[in-house]
Amino acid sequence: ETSAEIGGAIDLLTRVGGESAELVPLLGARANSAAPLSNACWDELRGGVLDRLEAALEAGPIDGVLLAMHGNMCVGNVPGQPVDLDPEGTLAADVRALVGAATHIVMTVDLHANVTPLMVEHLDGCISYDHYPHDDIFRTVSPDAQSR
């Protein structure tokens with residue numbers, strides 16, 4: 001159990017789904033605000049999420065995907081390499097292509113996220129926490145719970 005949005009999601013889903021809720025973690029990574037993410041790092045992270053999601057889908061259907069993001073990332077800091085100013089939207093589109101239209105995809109974002117047309121097109125929901133510092137991220141995803 002954590003006080004982050006993943007902890008809030010686990011709290012909510014296990015309270016709603018009880019023991020029948022099966023949660024499948026895909027990938028976790030953390031970084032502080034800084035320069036654009038390198039292409040190599042983004043390829044590793046994006047590939048890791050998508051590979052693990054494909055494996056989960058091979059095991060059977062899934063009801064939903066939670067993408068705990070920031071909403072203000074950019075990729076590409078090497079001249080001559082591709083630049084992606086909307087990697088969260090790119091990931092949402094990638095996930096949608098894998099899971100199809102019937103599976104829910106929700107993304108958590110920071111209160112100053114750039115919510116893009118690509119994100120809106122491929123997400124079923126986008127949840128933002130309200131506070132800075134982010135002391136409300138657990139409560140944002142699991143609104144009936146007390147902040148941890």
Side-chain angles (χ1 to χ4, degrees), residues 1-34 36-77 81-111 113-130 134-148:
E1 180 180 308
T2 72
S3 60
E5 63 263 42
I6 297 300
I10 291 169
D11 178 70
L12 177 65
L13 293 170
T14 54
R15 284 190 291 121
V16 171
E19 292 181 21
S20 66
E22 181 181 358
L23 307 177
V24 180
L26 298 177
L27 183 88
R30 175 88 169 103
N32 291 327
S33 298
L37 193 62
S38 73
N39 292 82
C41 184
W42 175 237
D43 290 345
E44 179 78 21
L45 294 172
R46 180 179 172 203
V49 168
L50 298 175
D51 289 348
R52 288 168 179 87
L53 180 56
E54 282 185 282
L57 289 165
E58 288 173 8
I62 61 173
D63 296 317
V65 178
L66 172 65
L67 299 171
M69 304 296 286
H70 184 267
N72 202 15
M73 183 175 21
C74 62
V75 171
N77 60 356
Q81 291 193 4
V83 173
D84 187 348
L85 299 178
D86 184 13
E88 288 94 347
T90 299
L91 185 60
D94 292 339
V95 169
R96 178 61 70 205
L98 286 176
V99 302
T103 301
H104 299 289
I105 305 172
V106 175
M107 184 180 289
T108 58
V109 295
D110 194 322
L111 66 149
N114 292 314
V115 178
T116 67
L118 192 59
M119 291 165 67
V120 171
E121 178 182 353
H122 294 289
L123 297 174
D124 295 292
C126 190
I127 303 169
S128 173
Y129 18 100
D130 296 321
H134 307 309
D135 61 358
D136 64 330
I137 55 180
F138 182 95
R139 178 173 36 90
T140 297
V141 178
S142 188
D144 294 334
Q146 299 295 315
S147 285
R148 304 248 195 266

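Computed from a prediction, not measured in an experiment: that's the story for all the values here.
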dist Leu66:CG -> Ile6:CD1 (nearest 0.5 Å) comes out at 5.0 Å
d(Glu44 CD, Leu27 CG) to nearest 0.5 Å is 8.5 Å
Check [X] against [Y] and note the closest heavy-atom contact, atom names and distance.
X      : Y      : answer
Leu123 : Ala92  : CD2-CB, 3.8 Å
Asn77  : Pro36  : ND2-O, 3.3 Å
Val99  : Thr103 : O-OG1, 3.3 Å
Ser128 : Leu111 : OG-CA, 3.2 Å
Cys74  : Leu85  : CB-CD2, 4.0 Å
Val109 : Met119 : CG1-CE, 4.2 Å

A side-chain contact here means heavy atoms from C-beta on lying under 4.5 Å apart; do [X] and [Y] qualify?
X     : Y      : value
Val95 : Leu67  : yes
Leu53 : Ile62  : yes
Leu91 : Met107 : no

Point to revise | Result of checking Asp94, Asp84, Asp51 against Arg46 for side chain to side chain donor-acceptor pair (under 3.5 Å) | key: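 When side chain to side chain donor-acceptor pair (under 3.5 Å) is applied between Arg46 and each of Asp94, Asp84, Asp51, only Asp94 qualifies.
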Contacts satisfying ring pair (Phe, Tyr, Trp, His ring centres under 6.0 Å) that involve residues 38-75 (not counting sequence neighbours) are His70-His112
Side-chain (Gln81) to main-chain (Gly76) donor-acceptor, under 3.5 angstrom |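 Flag not set: sc Gln81 to bb Gly76 has no pair under 3.5 Å.
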Give a yes or no answer on whether the side chain of Glu54 reaches the backbone of Leu98 with a donor-acceptor pair at less than 3.5 Å. no
Across all chains, not counting sequence neighbours, the side-chain hydrogen bond (donor to acceptor under 3.5 Å, both in side chains) partners of Asp124 are Arg96
- With sequence neighbours left out, write down each residue that passes side-chain contact (heavy atoms from CB on, under 4.5 Å) with Leu118, or none if nothing qualifies.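 Asp86, Thr90, Ala93, Thr116, Glu121, His122.
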For Asp63, does the CG atom sit with more than 12 other heavy atoms under 6.0 Å from it, leaving out its own atoms?
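Counting other residues, nucleotides and ligands, CG of Asp63 stays at 12 neighbours or fewer.
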